[in-house]
Amino acid sequence: MSAAPLAAAFYDRPVLKVAPDLLGCVVAHGDAAGVIVETEAYHFSEPAAHSFVGVTPRTVVLHGAPGTAYVYRSYGIHALLNAVCEPEGVGAAVLIRALEPLRGEGAMRARRKVARWEDLCNGPGKLTQALGVDLEAHGTSLIDGPVRIFGRPQRWHAVAHVVGPRIGITKAAELPWRFCALGSRCVSKPWPPGLRPAAAARS
DNA sequence: CATGGGATTGACT
DNA sequence: GTCAATCCCATGC
């Protein structure tokens with residue numbers, strides 16, 4: 001499998017290209033790691049993005065260097081993990097919405113008390129809890145910081161994906177900027193049209 | 001200084 | 001299907 005984290009040049013591209021390219025890549029924090037199976041793109045030009053309001057103390061990281069982690073708290077409870085994209089100053093990011101557990105499943109289960117494997121990381125707030133990522137990771141590098149993203153392992157090399165509308169937002173909800181890996185049981189609901197979990201898929 | 005909203009989740013009817 | 005929990009911070013007075 002790929003040994004080196006994705007380089008800054010990977011993130012320094014249009015966010016609509018980076019988001020699907022991140023599917024199948026590996027997020028690692030401590031001893032836990034998972035394969036990305038769902039992402040969403042956000043860009044300063046549309047009102048659902050936090051960077052839409054411009055540079056504030058809250059969003060300064062979003063407008064920072066590509067390859068930086070943007071972590072924020074949602075609804076006062078959940079930490080959501082994003083990867084800053086495009087050249088510095090633009091204000092674009094990819095939200096990591098779901099993972100498939102790869103390593104450290106025992107640590108994940110210790111942090112999340114759920115029975116089913118596919119429930120460990122099938123949501124943006126769930127995967128941060130499972131990996132043990134919190135606001136301390138905000139603003140750190142995804143290349144040499146505590147949270148890193150690696151290239152696709154062999155079995156995910158040619159992962160296919162489907163596109164759908166983003167989830168849980170009230171503005172610009174119609175944009176088809178959500179990307180889900182085909183063949184994973186760990187994509188969060190609701191599944192976009194055309195996606196079936198692997199367990200129910202026909203060969 | 002007060003207010004309100006949010007890229008969610010899990011528990012409950 | 002509905003609804004509350006609970007933190008950060010932008011905005012407005």
Side-chain angles (χ1 to χ4, degrees), chain A residues 11 14-16 18-20 22-23 25 27 34 36-64 66 68-86 90-101 108-140 142 147 149 161-181 185-192 195 197:
Chain A
Y11 302 98
V15 69
L16 289 179
V18 178
L22 275 174
L23 295 173
C25 295
V27 179
I36 299 170
V37 293
E38 182 177 351
T39 62
E40 284 178 2
Y42 287 88
H43 190 265
F44 77 94
S45 62
E46 42 88 17
H50 290 175
S51 51
F52 182 72
V53 297
V55 179
T56 67
R58 181 186 192 172
T59 63
V60 63
V61 168
L62 266 179
H63 297 261
T68 304
Y70 172 70
V71 185
Y72 83 102
R73 191 170 299 288
S74 176
Y75 292 86
I77 302 175
H78 310 285
L80 272 60
L81 174 64
N82 304 250
V84 176
C85 296
E86 310 222 6
V90 171
V94 175
L95 169 67
I96 312 298
R97 280 194 59 87
L99 302 178
E100 193 166 302
M108 292 182 185
R109 289 189 182 279
R111 285 185 280 258
R112 283 181 53 69
K113 296 172 293 195
V114 295
R116 284 157 45 210
W117 173 82
E118 59 265 36
D119 286 337
L120 282 173
C121 299
N122 64 339
K126 300 177 184 181
L127 69 91
T128 53
Q129 185 184 10
L131 289 180
V133 172
D134 58 20
L135 298 186
E136 292 178 9
H138 180 59
T140 63
L142 294 169
V147 181
I149 303 183
H161 67 269
V162 294
V163 179
R166 294 176 295 182
I167 302 302
I169 57 177
T170 58
K171 290 167 277 197
E174 74 286 357
L175 291 176
W177 286 9
R178 180 190 186 204
F179 305 90
C180 303
R185 294 146 57 197
C186 299
V187 172
S188 65
K189 291 196 256 189
W191 297 313
L195 189 150

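A, B, ... follow the sequence lines: proteins, then strands. Residue 1 opens every chain.
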Got a donor-acceptor contact below 3.5 angstrom from the A:Arg112 side chain to the A:Asp119 backbone?
yes
Applying side chain to side chain contact (heavy atoms under 4.5 Å, CB included) between A:Leu80 and each of A:Tyr70, A:Tyr72, A:Tyr75, report the one that passes.
A:Tyr72
What I'd like to find out is whether the side chain of A:Leu131 reaches to under 4.5 Å of the side chain of A:Leu99, using heavy atoms alone.
yes
Any side-chain to backbone donor/acceptor pair from A:Thr39 onto A:Leu23? Under 3.5 Å, distance only.
no
Check every strand shown and say whether A:Arg97 touches a base, only sugar-phosphate, or nothing at a heavy-atom separation below 4.0 Å.
sugar-phosphate
For DNA chain B, what string of dots and brackets results from 5' to 3' when Watson-Crick and G-U pairs need both distances under 3.5 Å, crossing pairs get [ ], and pairs with another strand get |?
||||||.|||||.
Taking A:Leu62's backbone N and O only, do any of them form a donor-acceptor pair with A:Ser51's side chain (distance below 3.5 Å, no angle check)?
no
P gap between B:dG4 and C:dA4, integer Å
16 Å
Under the salt bridge (Lys or Arg N to Asp or Glu O under 4.0 Å) test, residues paired with A:Glu46 that sit two or more places apart:
A:Arg166
Below 4.0 angstrom, which residues in residues 110-126 of chain A have at least one non-hydrogen atom near DNA chain C?
none
Flag the pair A:Tyr42 / A:Val15 as yes when at least one side-chain heavy-atom distance between them is below 4.5 Å, and no otherwise.
no
Please collect all salt bridge (charged side-chain N to carboxylate O under 4.0 Å, His left out) contacts where either partner lies in residues 169-180 of chain A, sequence neighbours excluded, each pair once.
A:Glu38-A:Arg178
First and last nucleotide of DNA chain B in contact with chain A, 5' to 3', at under 4.0 Å to a heavy atom: what are they?
B:dG6 to B:dG10
What one-letter contact string describes nucleotides 4-9 of chain C from 5' to 3', where B marks a base within less than 4.0 Å of any protein heavy atom, S marks contact via sugar-phosphate atoms alone, and - marks no contact?
-BBB-S
